[in-house]
2 protein chains.
Amino acid sequence: MIKGVLELALLCILRKRAHYGLEILQRMNEESGLEVADGTIYPLLHRMESAGFVAADWRIEGDQGRPRKYYTLKPRGAAELKAMSDDWRDLRSRMDALIEKGTR
Amino acid sequence: MIKGVLELALLCILRKRAHYGLEILQRMNEESGLEVADGTIYPLLHRMESAGFVAADWRIEGDQGRPRKYYTLKPRGAAELKAMSDDWRDLRSRMDALIEKGTR
DNA sequence: GCCAGTCATCTTGTATAGCAAGATATCAAT
DNA sequence: ATTGATATCTTGCTATACAAGATGACTGGC
């Protein structure tokens, strides 16, 4: 609980372009405020790869001579992104109702 | 991650009046759509009690001759509710931004 | 060239949460 | 008396998040 927020954030980040591990970590911490550790992100990436949601390939990008492992969104990942977005919206409206409204 | 949604839902439910375990379970499933099992709710209640957020007392309420364990919100629980509500709103806006907006 | 520092990834161990399943107990109804 | 519904609790399993440490590769200063 709530299982899936990290996964959802990852899929969102990969939607526009490929990212490598530490880059994903930085964006999660800066944008989503999730305060993820690298000991969390790499196992997550491996799980998402095993599940067939993302694909990984080593690249040497731009000015960097150092190879980095880039992750891209696969079709199954895009479908999962849609499903998880819907789940998120559902949870969001329900939790908002619980928080904002006076409950029984 | 995201730890705290169940806790938040519980504190919200207890805000207006005392509830007993199964009642909390039913309201979570109906209203929050969280699909919680009773093997989840009782340990949760015990944790929240140990943490000093809620108090428990056995009561025979209304028409029922069967005693039920009622949980009430303690001051520390109310403070926690406020803190978790703020956290929730923060996470919500950040995740919405990630989902809705085109990200880098 | 060598060394230190940084970047980047991976692994191990620990703690905890959620859940299914089963145990227990009480009351109501037949 | 037996069944079924209500209500709580416990055990065992699995998965996840994290801290911490290990590893390797490149860069920059000397």
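Any value given below was found using the heavy atoms of this structure, including those in side chains, with hydrogens, waters and symmetry copies removed.
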Hey, does the side chain of Arg47(A) come within less than 4.0 Å of dA15(D)'s phosphate (OP1/OP2), counting only N and O?
-> no
Short side-chain N/O contact from Tyr42(A) to OP1 or OP2 of dT11(C), under 4.0 Å:
no
Residues at least two apart in sequence or cross-chain that pass side-chain contact (heavy atoms from CB on, under 4.5 Å) with Arg47(A), listed by chain then number, are Glu7(A), Pro43(A), Leu44(A)
For Pro67(A), the side-chain contact (heavy atoms from CB on, under 4.5 Å) test, sequence neighbours excluded, returns Trp58(A), Ile60(A)
The residue, Pro43(A) or Gln26(B), whose nearest nucleotide of DNA chain D is more 5′ is Gln26(B)
Contacts of Glu49(B) meeting salt bridge (charged side-chain N to carboxylate O under 4.0 Å, His left out) (sequence neighbours excluded), chain-then-number -> none
Residue set satisfying salt bridge (charged side-chain N to carboxylate O under 4.0 Å, His left out) with Asp96(B), at least two apart, ordered chain then number -> Arg92(A)
To the nearest Å, how far apart are [X] [atom1] and [N] [atom2]?
X	N	atom1	atom2	answer
Ile41(B)	dT8(D)	CD1	C1'	12 Å
Glu61(B)	dC27(C)	CD	C1'	17 Å
Leu22(A)	dC10(C)	CG	C1'	11 Å
Glu23(A)	dA8(C)	CD	P	9 Å
Asp57(A)	dT9(C)	CG	P	12 Å
Leu25(A)	dA17(D)	CG	P	13 Å
Trp58(B)	dT26(C)	CH2	P	10 Å
Leu44(B)	dC9(D)	CG	C1'	14 Å

Its contact letters, B for base, S for sugar-phosphate only and - for none at protein heavy atoms under 4.0 Å, make nucleotides 20-27 of chain D read BB---BB-
Asn29(B) side-chain N/O to Val36(B) backbone N/O, donor-acceptor pair under 3.5 Å:
yes
| task | Give a yes or no answer on whether the side chain of Asp57(A) reaches the backbone of Tyr71(A) with a donor-acceptor pair at less than 3.5 Å. | result | no
Picking from dC18(D), dC9(D), dC10(C), the nucleotide nearest the side-chain atoms of Lys69(A) would be dC10(C)
Taken in chain and number order and not counting sequence neighbours, the residues that satisfy ring-ring contact (aromatic ring centres under 6.0 Å, His included) with Tyr42(B) are none
Sorted by chain and residue number, the ring-ring contact (aromatic ring centres under 6.0 Å, His included) partners of Phe53(A) (sequence neighbours excluded) come out as none
So salt bridge (Lys or Arg N to Asp or Glu O under 4.0 Å) across residues 73-90 of chain A, not counting sequence neighbours, yields Lys82(A)-Asp86(A), Asp86(A)-Arg89(A), Arg89(A)-Glu100(B), Asp90(A)-Arg94(A)
Anything under 3.5 Å between a protein N or O and an N or O of nucleotides 1-3 of chain C, put it in a table, one pair a line.
none

